[in-house]
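These notes concern the structure reproduced below.
Given the structure is predicted, the values throughout are model-derived calculations rather than measurements.
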Amino acid sequence: MKKIFILSLIFAMSDAMAATPWWEQPTVCRLNPANCYTSMGAGYEREMWDADANCWGVKIVCGDALTNTNNATPVGKNTISRGTNISADYDLSVLDGDCFGVRKTSSDGTMASVNGNLVRVWCNGILSNADETIETGEITYGTQPTCATLAADGYVAVQNGKCFGKYYDESRYFIQCDGETPTLIVLNGANYETGNTSYPKTQEEADTIFNRMYENVH
């Protein structure tokens, strides 16, 4: 009876492994599917064996998301989990063409992760030194533009949709920078002098001046 059982078990294993000869199988044990990718499409090497995870199928990580190469590379599941040679600025759950790895951004897309810090995403065309273009705009890895440099081109660093940088017509507005704090001055046809500090800086000051002018003519 025991021989019959053993033979039945062998035949059952042979049927299950008929697609690949037993001597070419990586293990005679049944694999645990919980450790493997359940489905694989673009961005995977389905025929590659992941020895660390004991699974068929390896995720292809984009070169920009790797710290040890610039080329898209198949990376084992456990290696990804440990973060070995993986840039923390990238999300490896997002497919980018035929590999995984997209730069992390805030939920509204206005901030992006660069060297572990969140920097502003600038609307296209604002940066003169853009290092990278992402879905919502452009980023620079180095020094961010200042209020003064933006104002010189008619821009203010305010959110404009999913990026930063809004243009104001220089014939209608003057951008006054107090450090990195911009003040938008409506010209109304006047010639603004940068050295003039007597202009009203708040709505309350403007209302006071208008009320005084009104009283002088009535």
Side-chain angles (χ1 to χ4, degrees), residues 26 31-167 180 182:
L31 299 179
N32 181 2
N35 296 328
C36 306
Y37 297 113
T38 56
S39 62
M40 290 177 284
Y44 291 91
E45 286 285 359
R46 288 179 292 179
E47 305 302 320
M48 182 174 288
W49 175 250
D50 186 346
D52 199 15
N54 290 323
C55 293
W56 287 107
V58 180
K59 180 178 283 190
I60 304 172
V61 179
C62 299
D64 289 342
L66 296 170
T67 59
N68 61 338
T69 180
N70 293 322
N71 301 318
T73 305
V75 180
K77 191 170 185 179
N78 291 339
T79 300
I80 292 175
S81 297
R82 290 190 293 266
T84 306
N85 297 323
I86 305 294
S87 171
D89 292 328
Y90 286 81
D91 184 351
L92 301 193
S93 68
V94 181
L95 183 66
D96 184 15
D98 56 1
C99 58
F100 284 89
V102 173
R103 188 175 291 278
K104 295 176 182 177
T105 61
S106 57
S107 59
D108 60 359
T110 61
M111 305 291 287
S113 179
V114 175
N115 296 325
N117 299 310
L118 287 176
V119 300
R120 285 174 172 171
V121 177
W122 299 96
C123 300
N124 292 330
I126 293 178
L127 292 177
S128 59
N129 60 334
D131 291 306
E132 184 180 337
T133 299
I134 62 176
E135 184 179 357
T136 56
E138 299 175 338
I139 58 175
T140 177
Y141 306 151
T143 303
Q144 300 297 309
T146 65
C147 178
T149 57
L150 291 169
D153 294 324
Y155 286 96
V156 175
V158 294
Q159 186 173 338
N160 184 13
K162 293 185 176 181
C163 54
F164 278 89
K166 189 171 183 179
Y167 177 76
E180 290 305 305

Would you say the side chain of [Y] lies within less than 4.5 Å of the side chain of [X], judging by non-hydrogen atoms?
| X | Y | answer |
| --- | --- | --- |
| L150 | W122 | yes |
| V119 | Q144 | yes |
| W56 | M40 | no |
| T110 | R120 | no |

Closest heavy-atom contact between [X] and [Y]?
| X | Y | answer |
| --- | --- | --- |
| A53 | K77 | CB-CB, 4.3 Å |
| A88 | K104 | O-NZ, 3.0 Å |
| S113 | L118 | N-CD2, 3.8 Å |
| L95 | G43 | CD1-CA, 4.0 Å |

- Query: Picking from E132, E135, E138, what satisfies salt bridge (Lys or Arg N to Asp or Glu O under 4.0 Å) with R103?
  - Reply: E132
- Message: Tell me whether the count of non-hydrogen atoms from other residues, nucleotides or ligands lying under 6.0 Å of CG in N124 goes above 12.
- Response: yes
- I would like to know whether V61 and L92 meet side chain to side chain contact (heavy atoms under 4.5 Å, CB included); could you show each step before the answer? CA-CA 7 Å; V61 179; L92 301 193; 3.9 Å; yes
Looking only at atom types and distance, does a side-chain atom of [X] sit under 3.5 Å from a main-chain N or O of [Y], one as donor and one as acceptor?
| X | Y | answer |
| --- | --- | --- |
| Q159 | G161 | yes |
| D89 | N115 | yes |
| D50 | V58 | no |
| D52 | G76 | no |

Could you give the side-chain donor-acceptor pairs of residues 65-73 under 3.5 Å, partners two or more places apart or in another chain?
from	atom 1	to	atom 2	distance (Å)
T67	OG1	N85	O	3.3
T69	OG1	N71	N	3.1
T73	OG1	N71	O	2.9

- N129: what forms a side chain to side chain donor-acceptor pair (under 3.5 Å) with it, not counting sequence neighbours? T140
- Taking only residues two or more places apart in sequence or in another chain, which ones pass ring pair (Phe, Tyr, Trp, His ring centres under 6.0 Å) with Y155? Y167
- Item | Set of ring pair (Phe, Tyr, Trp, His ring centres under 6.0 Å) partners for Y44, sequence neighbours left out | Y37, F100
- For residues 76-105, pull every pair meeting disulfide (SG to SG under 2.5 Å), keeping only residues two or more places apart or in separate chains. C62-C99
- With sequence neighbours left out, which residue pairs that include part of residues 101-134 fulfil the disulfide (SG to SG under 2.5 Å) condition? C123-C163
